[in-house]
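Below: the structure, in structure tokens.
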Amino acid sequence: MLKILKASAGSGKTFRLTRFYLEICFRHIRDPYYFRHILAMTFTNDATAEMKERILHELKELAGGNQQSNHWAYLKEELDLDDELLQTHASRMLDAIMEQYDDFAISTIDSFFQRVLRIFTRELNLEGGQEIEMDQNAVLEESMTRFLDHIDEKSEHLKWVELILQNNEENNKGHSIKSELLKLGSLLFKEDSDQHVSRGSAGELIHLYRRLKEEKAKLENAFYSTQKKLRTLLNANQIDEYDFSRGATSFINTWLNTYSEFKTASQKFTDDKSKGITPLHNNTDPDKWLAKSKRKQDPELAARVDRIEDQLSALLQEAIDALDTGVPLYVSLEAVIKSFPSFGFLSVLGKYVEQYCEEEEIILISRTAGLLRQVILIQLMPFFYEKIGQKYHHILLDEFQDTSHTQWENLQVLVENALQQEGKASLIVGDVKQAIYRWRNGSWEILHQHLSEQFSHYELNEETIEENWRSRQEIIDFNNACFEALPAYAQNYALDNSEAQESRFSDITRVYEGHHQKIHHSQKEKRAGGFVQMWACLPSGLKKEERKEFEEQQHIAYWNYLREEIQSALRRGYAKKDLCILVRKAKHAKEVGDQLLAW
């Protein structure tokens, strides 16, 4: 049986994990060492330490005969145990864990992967002495230093650095070369970075970059050719672009002037308003080229326009074809060319990182999940089950919303193996709303949708915990109101009503289904009250010049507001240690700190 527990903040998740763990152990009352068959994983070292501490604490309480323990009554009733047996088994189990603490398998996902890799060093052709490197920033710094040391005026690598800095200047980004490159280089330590860098040489990458720019230029020149032919045709027949219907906004004027750059034409072609229909598309009928009044006023002009009708129609169709067939490819080329310098730089820097790791005999922590995936993919599955799968009959996964696809592909085989064993239960706990590790390829979609689909042929037990054991009533009410309104607001805010956009926002709506929390009836009096106040910093609809002026005024108002709130709290009897100010970025924290000291 697989239990999927959706637990919002403050819902007692660790309590439920501890209870699930203890229940498994107490169901095997004859084996105090059964904990060796349970593998529990979470995301951080702190969470791992808390879970271990909580389990050991509860076992001490049970072993000491404390019937007020949070789990005494539940275990006794659920498993039909008498007091003596419950207490005795807790004591025996506690001794067993202390005796074989290394088998008390509660760890972070990364730590588990590291442990498994050491088992498969021979199968993966890894050196036995290689160590897992946790400090990836130090590796990046050293690799970057080597990279920069090897750059000179003749270096092919210099091209990528120049292009990246040029792009930063165009976008008004910082001018610190090394800090910008380090920020970009950190992408190498993403789980799937190997899929996004090239193994080609620097010369091959530069050649490919030039080819892409040549293909882009061909598309531009094909469109410019129609403009050149059009100007020649009009001049030869003494026709001005303003002679056509709508004058300054005529399709000819758009063709020659508004679309003077193919990039502008492609943007107009793909924007939400035109959706692939331009003034050129709307004027293929020669009868629309001249206004009726114009024909009457200037019959000679009308005759000249009629004379070039076939030539102009052919040119117009040529330009429309250049837009219809060229723009989709042009947009793709623009995007690829824009990001290619970063791609080229990362591909080169990646080789320096690999070289450093080989010299120092280390494996980056970010590579462990991918290496373990190789164990599974290169037909080593039987060995994987023999060495790992058969040891663990129960898998407990915490903070599952932050699990990446690669991590899950590795863990899925363990969960499936555990579920195939009769009478063995596993637990997955998470909350999609708390997904914060997208920068590490965390994928909330696995918990939201894929999990129930992948294990639909097994016994599933899905539960959403409604109780909040942490916050006061007003805080809970505020959160409930926000989670009720925000998904619908996001859906209405979507500017594009295309099918993809609608699907994306309907997913958001489903994510927040079942969000409602409440206080347990036993806690209602204890946790009544609470206070939430929101203060809008910037009104919507401000123009750019208005926004800058308003931000300056708002900055002053913000400090006045903050100071008044702090003084108000102190007047009401709160101590300074009771107050906490949270900000978005580290630089904001420094600003607040400086201001507090100034006060």
Side-chain angles (χ1 to χ4, degrees), residues 1-25 27 35 37-44 47-48 50-52 54-55 105-113 116 369 372-373 376 388-389 391-438 440-467 510-515:
M1 184 270 290
L2 175 63
K3 187 175 185 64
I4 302 173
L5 192 62
K6 296 180 179 180
S8 297
S11 60
K13 175 191 64 176
T14 307
F15 175 88
R16 295 291 293 271
L17 277 163
T18 302
R19 173 166 288 184
F20 194 88
Y21 190 101
L22 292 174
E23 185 176 348
I24 291 172
C25 294
R27 284 188 181 277
F35 67 89
H37 299 299
I38 305 173
L39 172 63
M41 284 176 281
T42 186
F43 243 77
T44 66
T48 297
E50 182 186 3
M51 194 185 302
K52 282 186 174 182
R54 187 77 66 89
I55 290 171
I106 300 175
S107 71
T108 64
I109 293 177
D110 286 338
S111 296
F112 172 71
F113 286 169
V116 174
L372 184 54
R373 186 67 187 146
I376 296 169
I388 301 296
K391 179 176 182 179
Y392 298 117
H393 303 162
H394 310 270
I395 311 296
L396 281 62
L397 299 176
D398 188 18
E399 303 291 1
F400 189 77
Q401 73 277 354
D402 291 318
T403 305
S404 72
H405 281 286
T406 304
Q407 289 173 330
W408 175 233
E409 286 170 352
N410 294 335
L411 297 172
Q412 183 181 347
V413 294
L414 284 175
V415 174
E416 189 149 8
N417 182 63
L419 293 177
Q420 288 173 353
Q421 301 178 53
E422 187 177 352
K424 308 303 182 186
S426 292
L427 173 67
I428 290 177
V429 181
D431 177 22
V432 173
K433 300 191 297 300
Q434 296 185 64
I436 60 172
Y437 279 89
R438 189 169 58 181
R440 277 192 55 176
N441 296 319
S443 176
W444 57 266
E445 291 95 338
I446 303 174
L447 175 62
H448 178 53
Q449 181 178 359
H450 303 329
L451 195 60
S452 54
E453 293 175 354
Q454 290 169 339
F455 292 103
S456 58
H457 51 294
Y458 292 101
E459 181 186 353
L460 289 178
N461 181 353
E462 296 190 53
E463 178 187 351
T464 299
I465 304 178
E466 294 184 347
E467 287 82 9
R510 287 198 295 269
V511 162
Y512 286 91
E513 289 176 353
H515 69 274

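Contact between A9 and D431 at its shortest, heavy atoms only, is N-OD2, 4.1 Å. In this structure, S452 and L460 approach most closely via the heavy-atom pair O-CD1, 3.8 Å. Taking all atoms of both residues into account, the shortest heavy-atom contact from A47 to T44 is N-OG1, 3.1 Å. Residues K52 and I106 come closest through the heavy atom pair CE-O, 3.1 Å. Closest heavy-atom contact between S11 and I465: O-CG2, 3.6 Å.
A salt bridge links R27 with E23; the closest basic N to acidic carboxylate O contact falls under 4.0 Å.
A side-chain contact (heavy atoms from CB on, under 4.5 Å) with W408 is found for exactly one of L447, I109, T403, namely T403.
If you take CG on L427 and CG on L396, they are separated by 5.0 Å, rounding to the nearest 0.5 Å. Between the CZ atom of F43 and the CZ atom of F400 there is a distance of 9.5 Å, given to the nearest 0.5 Å. Here CG of L411 is found 9.5 Å from CD1 of I446. Values are rounded to the nearest 0.5 Å. Atom NZ in K424 sits 15.5 Å away from atom OH in Y392 (nearest 0.5 Å). Between F112 atom CZ and Q407 atom CD the span is 11.5 Å, to the nearest 0.5 Å. We find the NE2-CD1 distance between H394 and I24 to be 5.0 Å, quoted to the nearest 0.5 Å.
A donor-acceptor contact under 3.5 angstrom links the side chains of Q401 and E399, judged on distance only.
Ring pair F455/Y458 is tilted by interplanar angle, where 30° to 60° counts as tilted.
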Let's go through T42 and L17 carefully: what are the C-alpha distance in whole Å and the side-chain angles of both, what is the deciding distance for side chain to side chain contact (heavy atoms under 4.5 Å, CB included) to 0.1 Å, and is it a yes or a no? CA-CA 11 Å; T42 186; L17 277 163; over 6 Å; no

Q421 vs H37, test: side chain to side chain contact (heavy atoms under 4.5 Å, CB included). Steps then yes/no. CA-CA 12 Å; Q421 301 178 53; H37 299 299; over 6 Å; no

Per-pair distances, 0.1 Å, donor-acceptor, side chain in residues 1-8, under 3.5 Å, sequence neighbours excluded:
| unit_1 | atom_1 | unit_2 | atom_2 | d |
| --- | --- | --- | --- | --- |
| K3 | NZ | E463 | OE1 | 2.9 |
| S8 | OG | K433 | NZ | 3.0 |

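Side-chain atoms of S107 and M41, non-hydrogen and from C-beta on, do get closer than 4.5 Å to each other.
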